[in-house]
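Reading through the structure tokens given below for one structure.
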Amino acid sequence: MTVDSSMSSGYCSLEEELEDCFFTAKTTFFRNVQSKHPLKNVCKPAEETQRPPTLQEIKQKIDSYNTREKNCLGMKLSEDGTYTGFIKVHLKLRRPVTVPAGIRPQSIYDAIKEVNLAATTDKRTSFYLPLDAIKQLHISSTTTVSEVIQGLLKKFMVVDNPQKFALFKRIHKDGQVLFQKLSVADCPLYLRLLAGPDNDVLSFVLKENETGEVEWDAFSIPELQNFLTILEKEEQDKIQQVQKKYDKFRQKLEEALRESQGKPG
């Protein structure tokens with residue numbers, strides 16, 4: 001699997017993405033569990049598993065896929081029945097990730113030589129990846145979700161446990177945007193083939209692996225310390241924003257009072 005800079009549960013409604021956030025330091029790590037529309041957030045059963053397609057059916061689907069692909073990112077069938085192609089993964093990570101401190105980004109030469117830059121230092125730091133960044137991956141039909149996640153983390157030199165992340169497929173159905181968490185054994189390229197090349201029909205999203213509760217035991221001591229530092233900074237920033245808002249409000253009230261006192265009764 002190669003990474004390009006262009007980068008089975010059930011379906012969940014986009015309402016899950018619109019839950020209220022508490023304006024405290026906990027915003028980064030916790031989401032409002034009580035949704036205004038709880039019924040829309042309930043996961044629906046996944047579709048029944050269908051029989052695997054034959055080699056002839058795969059060939060027909062690939063030919064059909066390539067005729068609709070307009071960006072020269074078609075799929076290629078091998079003699080052994082496997083095939084290769086491209087998928088795009090949207091990054092929607094709400095929490096900071098842990099990376100080696102003071103390490104330059106991985107170059108194409110490092111990727112080819114499979115150099116693990118993260119192993120060259122024990123120092124760690126945390127930062128937020130750009131929200132909804134997109135990475136393009138060249139993968140095989142045998143590449144699993146687990147391998148896709150590990151490949152993305154390696155590209156960004158993220159040293160967090162891959163089990164903290166999950167890959168979702170995002171589809172449009174009945175006028176709604178729905179997410180389905182994929183199993184680590186699923187093969188994304190096969191799903192791409194079935195859906196066709198249109199990303200509005202199907203796209204892939206990397207998110208935190210939400211389990212309902214934060215598993216603090218999965219974090220190292222440096223990670224927890226970095227989280228506390230980030231939380232304290234967020235809290236101070238929010239306090240300053242609130243103070244500035246009410247200072248401005250107080251100033252306008254005082255100006256209004258002075259103007260009213262200067263006018264005849």
Side-chain angles (χ1 to χ4, degrees), residues 1-14 16 43-93 111 132-156 162-174 176-210:
M1 176 181 65
T2 59
V3 182
D4 194 321
S5 296
S6 4
M7 232 208 47
S8 120
S9 63
Y11 290 109
C12 298
S13 169
L14 183 60
E16 186 173 326
C43 290
K44 303 175 183 179
E47 294 89 349
E48 294 182 0
T49 304
Q50 299 178 350
R51 67 169 181 82
T54 63
L55 180 60
Q56 183 61 27
E57 290 173 338
I58 289 290
K59 185 179 184 305
Q60 292 175 353
K61 289 182 181 296
I62 290 178
D63 291 340
S64 174
Y65 183 98
N66 290 341
T67 58
R68 291 177 288 162
E69 171 54 52
K70 306 301 182 182
N71 298 315
C72 300
L73 299 176
M75 296 191 186
K76 183 177 180 180
L77 181 64
S78 302
E79 294 181 357
D80 60 0
T82 61
Y83 49 95
T84 58
F86 295 85
I87 64 169
K88 291 182 179 180
V89 180
H90 298 251
L91 305 182
K92 284 186 174 292
L93 301 177
D132 206 24
I134 300 176
K135 289 298 175 183
Q136 185 167 274
L137 309 177
H138 184 248
I139 63 175
S140 163
S141 57
T142 60
T143 303
T144 64
V145 164
S146 176
E147 292 169 333
V148 167
I149 293 175
Q150 292 178 38
L152 286 170
L153 298 183
K154 182 178 179 181
K155 170 62 179 178
F156 289 102
Q163 294 181 356
K164 296 178 184 177
F165 306 92
L167 192 68
F168 291 75
K169 70 175 183 178
R170 179 173 58 190
I171 65 172
H172 294 263
K173 185 176 182 181
D174 300 329
Q176 285 187 311
V177 179
L178 306 177
F179 289 85
Q180 183 188 19
K181 181 179 174 181
L182 299 175
S183 165
V184 292
D186 286 337
C187 297
L189 191 61
Y190 176 63
L191 300 177
R192 178 80 278 165
L193 177 63
L194 294 182
D198 190 350
N199 284 293
D200 290 334
V201 176
L202 168 71
S203 57
F204 297 99
V205 180
L206 183 72
K207 302 170 66 176
E208 282 84 5
N209 188 11
E210 300 291 354

Check for a donor-acceptor pair, side chain of [X] on one end and backbone N or O of [Y] on the other, with a separation under 3.5 Å.
X: Asp198; Y: Asp200; result: yes
X: Glu147; Y: Thr144; result: yes
X: Asp80; Y: Thr82; result: yes

Is the NZ or CZ atom of Lys61 both under 6.0 Å from the centre of the six-membered ring of Tyr83 and within 45° of that ring's axis?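 No, Lys61 and Tyr83 do not form such a contact.
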Within-4.5 Å side-chain heavy-atom neighbours: [X] and [Y]:
X: Phe204; Y: Leu182; result: yes
X: Leu189; Y: Thr143; result: no
X: Arg192; Y: Asn199; result: yes
X: Asn209; Y: Lys164; result: no
X: Gln180; Y: Ile171; result: no
X: Gln136; Y: Ile87; result: no
X: Val145; Y: Pro188; result: yes
X: Ile58; Y: Leu193; result: yes

Closest heavy-atom pair and its distance - Leu178, Lys173: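 It is CD1-CB, 3.6 Å.
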Minimum heavy-atom distance Val201-Ala195, with the two atoms named: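 Shortest heavy-atom contact: CG1-O, 4.0 Å.
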side-chain contact (heavy atoms from CB on, under 4.5 Å) evaluation trace for Phe156 with Leu91: CA-CA 11 Å; Phe156 289 102; Leu91 305 182; 3.6 Å; yes
Which of parallel (below 30°), tilted (30 to 60°) and perpendicular (above 60°) describes Phe168 and Phe179?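 Phe168 vs Phe179 ring planes: perpendicular.
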Partner residues of Glu79 under the salt bridge (Lys or Arg N to Asp or Glu O under 4.0 Å) criterion, sequence neighbours left out: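 With sequence neighbours excluded, Glu79 shows a salt bridge (Lys or Arg N to Asp or Glu O under 4.0 Å) to no residue whatsoever.
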Between Gln60 and Ser64, do the side chains contain an N or O donor and an N or O acceptor separated by less than 3.5 Å?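 Side chains of Gln60 and Ser64: no pair found under 3.5 Å.
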